[in-house]
Number of protein chains: 2
Amino acid sequence: MSQSPKQSAGRSVPTSADVARLAGVSRATVSYVLNNTAAVRISEPTRRRVREAAEELGYVPHAAARSLRAGHSRMVLMPTAHVPIGPLYSGFLNELQWALRRLDYTVVQYAGVGLEADEAARAWAELRPVAVVSLGRAGLTPSGVELLKRAGARAVITVGPQQIAGTHALVMDQTTVGRAAGAHLVERGCRAVGVVMPEEPGLEMFSVPRLDGVRAAAERAGATVVPLPLRYEEEPADRLAARWRELGLDGVFAYNDEYAMLLMRALQDAGIAIPEETAVVGSDDLVLGRLLRPRLSTVHIDMVRGQELAELVDRAVRDPEAAPERRELLASRIVRRESS
Amino acid sequence: MSQSPKQSAGRSVPTSADVARLAGVSRATVSYVLNNTAAVRISEPTRRRVREAAEELGYVPHAAARSLRAGHSRMVLMPTAHVPIGPLYSGFLNELQWALRRLDYTVVQYAGVGLEADEAARAWAELRPVAVVSLGRAGLTPSGVELLKRAGARAVITVGPQQIAGTHALVMDQTTVGRAAGAHLVERGCRAVGVVMPEEPGLEMFSVPRLDGVRAAAERAGATVVPLPLRYEEEPADRLAARWRELGLDGVFAYNDEYAMLLMRALQDAGIAIPEETAVVGSDDLVLGRLLRPRLSTVHIDMVRGQELAELVDRAVRDPEAAPERRELLASRIVRRESS
DNA sequence: TTGAAAGCGTTACCAT
DNA sequence: ATGGTAACGCTTTCAA
């Protein structure tokens with residue numbers, strides 16, 4: 001079905017051969033000049049002719065052809081799980097990309113939406129990345145990892161709740177977040193602790209381990225824990241607040257500061273005194289927590305710096321045989337303000 | 001799993017030739033089978049042998065080689081400007097990627113951090129994308145666009161404040177946001193309007209046009225407009241609030257709902273009555289605005305759906321000669337609550 | 001039904 | 001100091 005030939009958009013894409021022809025030299029010479037190959041010496045007049053020809057044609061080398069020839073690339077693939085991550089994680093992500101660039105890697109975020117597990121791994125493998133940094137549980141199985149490595153990936157790094165065989169892992173143990181909150185609430189005298197569980201999809205990765213952490217801390221002290229599913233909207237929060245007293249909770253961990261704000265407002269409107277009747281703790285230490293009245297107690301999370309992860313990637317690429325590293329990505333500590 | 005040849009120095013990546021060898025057929029046959037080429041009929045036993053061989057070797061086709069041969073790809077490049085965009089835009093982005101995938105495009109977010117203008121365009125052009133969707137003012141100049149088109153890009157779409165020569169444009173006219181806020185404040189009787197300008201880098205793209213919009217609406221009515229630089233932190237907000245009365249402002253547009261919350265808290269702590277002494281208007285209609293007391297008036301923004309943009313991309317790719325389209329991406333309307 | 005071979009744009013080796 | 005040429009992995013005529 002060629003109703004219009006490839007050159008329809010004017011001229012066809014210039015190649016190094018075109019540059020060579022225009023400059024009156026061979027393709028090899030063009031390559032030498034444009035790549036500043038040190039091993040060969042090209043006369044200055046020739047260099048200029050080549051450069052001018054390239055400029056005139058608007059020549060840009062073809063990355064695919066280059067890496068095909070080279071047999072490898074410096075592409076780091078970051079499959080993006082499409083979860084609405086907060087400012088904390090997107091900040092980390094930016095830092096990471098920036099650091100990888102400085103190490104001369106090409107960072108490509110690949111949108112593998114709608115693919116399942118090994119199917120996704122296949123799609124990534126087709127791009128022949130030198131490394132894969134998988135955030136969240138982006139459906140990476142051991143066999144997927146194996147596939148990627150066979151396709152030439154020198155390192156697979158997972159950033160998520162657990163380590164996967166054959167990968168380096170930056171473990172984000174979200175249970176520590178819940179544990180910090182739970183321990184604090186118990187210490188403040190709470191005996192019945194609610195835990196807000198966002199109903200928005202994609203957040204289970206964070207919310208479930210956080211709940212587990214609260215459980216671990218609270219139940220050890222003999223307190224009970226009640227999960228509280230909640231959508232991030234005003235009305236569901238009001239409904240929850242309306243039946244608050246019958247729940248009989250004297251403390252609540254609200255998943256993060258935003259949900260804490262939502263819940264606090266609803267509780268206050270319902271006449272629940274904070275922290276006297278119910279203590280509230282959020283997480284992530286966002287600015288908005290300090291703006292609430294009473295000021296919001298929260299769990300502060302120290303993330304590893306993107307720079308560090310970038311260096312791990314680089315190390316792993318340079319030495320693919322090295323034993324998988326495993327590092328804790330975050331440390332949690334409670335920040336007590338007025339709401340607990 | 002079965003055999004692990006002792007290529008310890010790095011077992012090589014299996015190619016279609018390896019598959020062909022193992023299956024006892026030619027490379028052509030492998031290609032036919034794995035791509036389900038309709039034009040050729042291959043016997044069922046052969047098909048099975050090929051499939052099994054591919055499976056056993058863990059063969060995955062090489063995307064670069066494929067598109068090199070084909071002369072084109074279905075890669076849509078989205079250079080990511082590293083601005084901390086809010087939930088509104090990241091939601092739009094997700095939707096867009098999802099829609100493009102459904103149209104069988106491979107969406108690649110390329111992290112072009114630290115590159116300038118035409119240098120960035122060159123880097124993008126090396127990937128030979130079929131289309132480029134540039135968000136924000138990711139430094140795309142007319143000559144950059146020309147470069148991309150010469151490199152085979154069939155469509156360049158900008159999503160940002162202004163149209164660039166040779167591109168389809170989804171114009172996000174942020175002045176309408178400011179205009180809506182300004183008109184509302186004036187109508188409420190304000191004569192001296194402050195406009196919060198975030199000092200965080202990368203937000204000028206939104207904040208400056210919004211300021212212009214307020215100016216246009218307010219000054220036409222004879223009101224004065226005062227820009228108020230502000231960092232998103234508690235202390236600067238308190239300092240601003242401390243000198244609020246000398247500023248003599250009776251209304252303020254706070255850039256967005258988050259900055260509005262920050263400012264409102266500082267003003268309330270300083271004893272300024274809202275809206276009696278100063279009316280406050282935010283933007284983006286975030287949930288948190290409804291949680292404030294007084295409830296926050298805001299500018300609601302109707303974004304175009306990602307689906308629509310995806311269809312525009314597809315149309316543009318199919319018919320690169322078509323005249324550039326230009327569409328308004330958003331419509332703004334004031335939502336009056338209690339803070340104004 | 002299958003195979004041989006050309007060619008996509010690069011770069012590296014080996015001649016000249 | 002340059003140029004010829006082969007090869008990277010894949011698809012696709014054309015021929016058998």
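Lettering follows sequence order; numbering is per chain, from 1. Scope of the values below: all heavy atoms of this structure, side chains included, with no hydrogens, waters or symmetry mates.
In this structure, OG in B:S31 is found 10.5 Å from CG in B:N36, a value given to the nearest 0.5 Å. Interatomic distance, A:L57 CG to A:S16 OG, rounded to the nearest 0.5 Å: 11.0 Å. The distance from the CZ atom of A:R122 to the CG atom of A:L147 is 7.0 Å, given to the nearest 0.5 Å.
The NE2-P distance, from B:H62 to C:dC8, rounds to 18 Å in whole Å.
Checked against B:L103 for a side chain to side chain contact (heavy atoms under 4.5 Å, CB included), the options B:V317, B:D314, B:V76 give a single hit: B:D314.
Nearest nucleotide to the side chain of B:L68, out of C:dC8, C:dT10, C:dG3: C:dC8.
When all heavy atoms of A:R154 and A:R318 are compared, the pair lying nearest together is NH2-O, 3.7 Å.
With a heavy-atom cut-off of 4.0 Å to chain A, the contacted part of DNA chain D has its first and last nucleotide at D:dA1 to D:dG9.
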For nucleotides 11-14 of chain C, give me every protein contact, N/O to N/O, under 3.5 Å, one pair per line with atom names.
from, atom 1, to, atom 2, distance (Å)
C:dT11, OP1, A:N35, ND2, 3.3
C:dT11, OP1, A:R66, NE, 2.9
C:dT11, OP1, A:R66, NH2, 3.1
C:dT11, OP2, A:S31, OG, 3.2
C:dT11, OP2, A:N35, ND2, 3.4
C:dT11, O2, A:R69, NH1, 2.5
C:dA12, O4', A:R69, NH2, 2.9
C:dC13, N4, A:Y32, OH, 2.4

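Between A:P129 and A:R74, the closest side-chain pair of non-hydrogen atoms is not below 4.5 Å. In this structure, A:E325 and A:R315 have side chains that are in contact, with non-hydrogen atoms separated by less than 4.5 Å. In this structure, the side chains of A:T29 and A:T46 come closer than 4.5 Å at one or more pairs of heavy atoms.
Only B:V40, B:R41, B:I42, B:S43, B:T46, listed by number, bring a heavy atom of residues 40-51 of chain B to less than 4.0 angstrom from any atom of DNA chain C.
Checked by atom type and distance alone, the side chain of A:S67 never pairs as donor or acceptor with a backbone atom of A:A70 at under 3.5 Å.
Within a 6.0 Å sphere centred on CD of B:E44, other residues, nucleotides and ligands contribute more than 12 heavy atoms.
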